[in-house]
Amino acid sequence: MSLLSVSSILPPPRLGTFSSCFQLLTLSSSPSIISVAHFRAQRNYIPHSTHIPDSHLKLQRLLTENKSGFKNLDNALSLFRKMLKMQPLPCHFHFCQLLTTLVKMKQYQVAFSLFREMCTLSIPVSIITFNIAINCCCHSNRVDYAFSLLATTFKRGFVPNVVTYNTLIRGLLSQHKFAEARLFFANLIKFRQVQPNVVTFTTMIDGLCKTGHTDMALSLFRFMEKSDCEPNTVTYNAIVNSLCKRGLVDDALNLHSRMMDEGIFPDVWTYSPIIQVLCSLKRWEEVGLLLDQMIHDMKISPDVHTFTILVDAYSKSGKLDDAKHLIQIMNERGENPDIVTYTSLMQGYCSQGQMDEALAMLNTIRSKKIMPTCYTYSILNNSIYNLELT
DNA sequence: ATAGGGTTAG
């Protein structure tokens, strides 16, 4: 059964919106009552809107400096408190910047509670603020809250946009609510709520793949290829990743060549899953060729994930010195190994029965102030348990 | 200033 009929999928372009924009533009360029002479007469006048208080300039600098994440959560929270006390209040843009930074720090619940506080205190919000909050709910696995926020959005007179809907679709799919996601997507199109874009389709395709509905994902992908909304690298990557997960590495390799033929450039996200599955199949020669192509021909640098895949592959084949050497290369290149990298090497030591080395690894992790995860302890526990059995 | 993708255990 096809997901959608072709005719229902793309609403006609919204000429109304474009033409009214155009009208506005024409009006604003019509002879104006404000002339150069007007400004000359008042040359000492500084318009209110251009005056930025020092506190706001300082705030802007702080937000820009820390935009990929504050050193710790308290810094972000105390900045929020300061912002609330500022006179005049910082603009909407700055509050959004702070919330976005918290999202980058994966502090979804904190970001959401700040959003709630903003609403309680009647700090101006917009559809963008709501979208950030909806995204936080989805990432905290509370897609139910996300939908109640959608209702609030309507109640407050904001118009949800394609970002709102894409976020909600992803939220439903990440909660394995496939039927709901599909219905929501179909209704958006049926009732012309929004014009889907490449992110909408890619989100659906990726979610369909991950919920085991690969046939539907492929038909949506084929539909995109024929439509005005052409697949991009991320769309191809969703399919490549799914093929790799299903062990269909040759299909993945074919798709990889096809995307290049179509003029869509692969990125590190395309290569990593293919390299991973080739490693698991011990097709080492091809791993080498692909890495060479990626690094030298395509000029794509392996990142933490790619390196970790290789560290894991070496560890699993007992080549612990090579794995250690890779970690050294990572450090030299500034691709800092993370908990997954170290856990992979630690597992290598465990499976070789080198428990002293494995425990030393745990100490290294601690000394680097990296938080071990349940994987780290579970691997250690299982090895100790297995040793006791033998 | 808002949305999409890859790595580790049993």
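Labels below follow one simple rule: chain letters A, B, ... track the order of the sequence lines, proteins then strands, and each chain is numbered from 1. These numbers come from the heavy atoms of this one structure, side chains and all, not from hydrogens, waters or symmetry mates.
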Exercise. Consider the side chain of A:Val234, meaning its heavy atoms from C-beta on, and name the nucleotide among B:dG4, B:dA3, B:dT8 that approaches it most closely.
Key: B:dG4
Exercise. Please evaluate the base of B:dG10 for a donor-acceptor partner in the side chain of A:Asn381 within a cut-off of under 3.5 Å?
Key: no
Quiz item: Just wondering, do A:Trp269 and B:dG5 stack (centres under 5.5 Å, planes under 30°)?
Solution: yes
Exercise. Give a yes-or-no answer on whether the side chains of A:Thr129 and A:His92 include a donor-acceptor pair shorter than 3.5 Å.
Key: yes
Self-check item: B:dG6 base / A:Ser272 side chain donor-acceptor hit below 3.5 Å
Solution: yes
Quiz item: Whole Å only: how far is the OH atom of A:Tyr108 from the C1' atom of B:dT2?
Solution: 14 Å
Practice problem: Please confirm whether any donor atom in the side chain of A:Asn237 sits under 3.5 Å from an acceptor in the base of B:dG4, or the reverse. | Solution: no
Practice problem: Describe the nucleic acid contact of A:Val198 in one word from base, sugar-phosphate, nothing, applying a heavy-atom distance below 4.0 Å. | Solution: base
Quiz prompt | Shortest side-chain distance from A:Ile309, nucleotide among B:dA9, B:dA3, B:dT7 | solution = B:dT7
Exercise. Would you kindly give the CZ-to-P distance between A:Phe93 and B:dA1, to the nearest whole Å?
Key: 4 Å
Exercise. Can you tell me the distance, in whole Å, between the OH atom of A:Tyr377 and the P atom of B:dG10?
Key: 18 Å
Exercise. To the nearest Å, give me how far apart CG (A:Leu63) and C1' (B:dA1) are.
Key: 11 Å
Quiz prompt | Below 4.0 Å: OP1/OP2 of B:dG4 and any side-chain N or O of A:His139 | solution = yes
Quiz item: Taking OP1 and OP2 of B:dT7, is either one under 4.0 Å from a side-chain nitrogen or oxygen of A:Lys316?
Solution: no
Exercise. Return the value, rounded to whole Å, for the distance between atom CD1 of A:Ile365 and atom C1' of B:dT8.
Key: 11 Å
Quiz item: Are A:Lys177 and A:Asp144 close enough for a salt bridge, meaning some N to O gap below 4.0 Å?
Solution: no
Exercise. Give the rounded distance in Å between these two atoms: CG of A:Leu150 and C1' of B:dT2.
Key: 14 Å
Quiz item: Side-chain N or O of A:Asn241 less than 4.0 angstrom from OP1 or OP2 on B:dG5?
Solution: no
Quiz item: How would you label the contact of A:His92 with the nucleic acid (heavy atoms, under 4.0 Å): base, sugar-phosphate, or nothing?
Solution: base
Quiz item: Touch check for A:Lys67, heavy atoms < 4.0 angstrom, all strands: base, sugar-phosphate only, or nothing?
Solution: nothing
Exercise. State which residues pass salt bridge (charged side-chain N to carboxylate O under 4.0 Å, His left out) with A:Asp297; sequence neighbours excluded, sorted by chain then number.
Key: none
Quiz item: Between B:dA9 and A:Gln347, is there an OP1 or OP2 to side-chain N/O distance shorter than 4.0 Å?
Solution: yes
Quiz item: Passes side chain to side chain donor-acceptor pair (under 3.5 Å), A:Asp338 versus A:Thr341? Steps please.
Solution: CA-CA 5 Å; A:Asp338 63 9; A:Thr341 326; 2.9 Å; yes
Quiz item: The side chain of A:Thr308 lies closest to which of these nucleotides: B:dG5, B:dT7, B:dA1?
Solution: B:dT7
Exercise. Give one of base, sugar-phosphate or nothing for A:Thr306, where a contact means two heavy atoms less than 4.0 Å apart.
Key: base
Quiz item: Which part of the nucleic acid does A:Val268 contact within heavy-atom distance under 4.0 Å: base, sugar-phosphate only, or nothing?
Solution: base
Quiz prompt | Nearest-nucleotide pick for A:Val162, side chain only, options being B:dA1, B:dT7, B:dA3 | solution = B:dA3
Quiz item: Checking side chain to side chain donor-acceptor pair (under 3.5 Å) for the pair A:Asp312/A:Ser315: CA distance, chi angles, key distance, verdict?
Solution: CA-CA 5 Å; A:Asp312 183 55; A:Ser315 298; 5.7 Å; no
Exercise. Taking only the side-chain nitrogens and oxygens of A:Arg170, find out if one of them lies under 4.0 Å from OP1 or OP2 of B:dG4.
Key: yes
Practice problem: Look at A:Lys104 and B:dA1 and indicate whether a side-chain polar atom (N or O) is within less than 4.0 Å of OP1 or OP2. | Solution: no
Exercise. Decide yes or no, distance alone: a donor-acceptor N/O pair under 3.5 angstrom between the base of B:dG4 and the side-chain of A:Asn135.
Key: no
Quiz item: A:Phe130 CZ to B:dA1 P: how many Å, rounded?
Solution: 21 Å
Quiz item: Which one, B:dG6, B:dT2, B:dT7, comes nearest to the side chain of A:Val340?
Solution: B:dT7
Quiz item: Taking the side chain of A:Gln276 as heavy atoms from C-beta outward, which of B:dT7, B:dT2, B:dG4 is closest to it?
Solution: B:dT7
Quiz item: Hey, is the side chain of A:Lys245 poking within less than 4.0 Å of OP1 or OP2 on B:dG5, counting only N and O atoms?
Solution: no
Practice problem: Kindly write out the residues that satisfy ring-ring contact (aromatic ring centres under 6.0 Å, His included) with A:Phe307, not counting sequence neighbours, or none if the list is empty. | Solution: none
Quiz item: Between the side-chain atoms of A:Thr167 and the base atoms of B:dA3, is any donor-acceptor pair under 3.5 Å?
Solution: no
Self-check item: Salt-bridge present (A:Lys58, A:Asp54; N to O < 4.0 Å)
Solution: no
Exercise. Could you tell me the separation between the CZ atom of A:Phe201 and the C1' atom of B:dG5, rounded to a whole number of Å?
Key: 18 Å
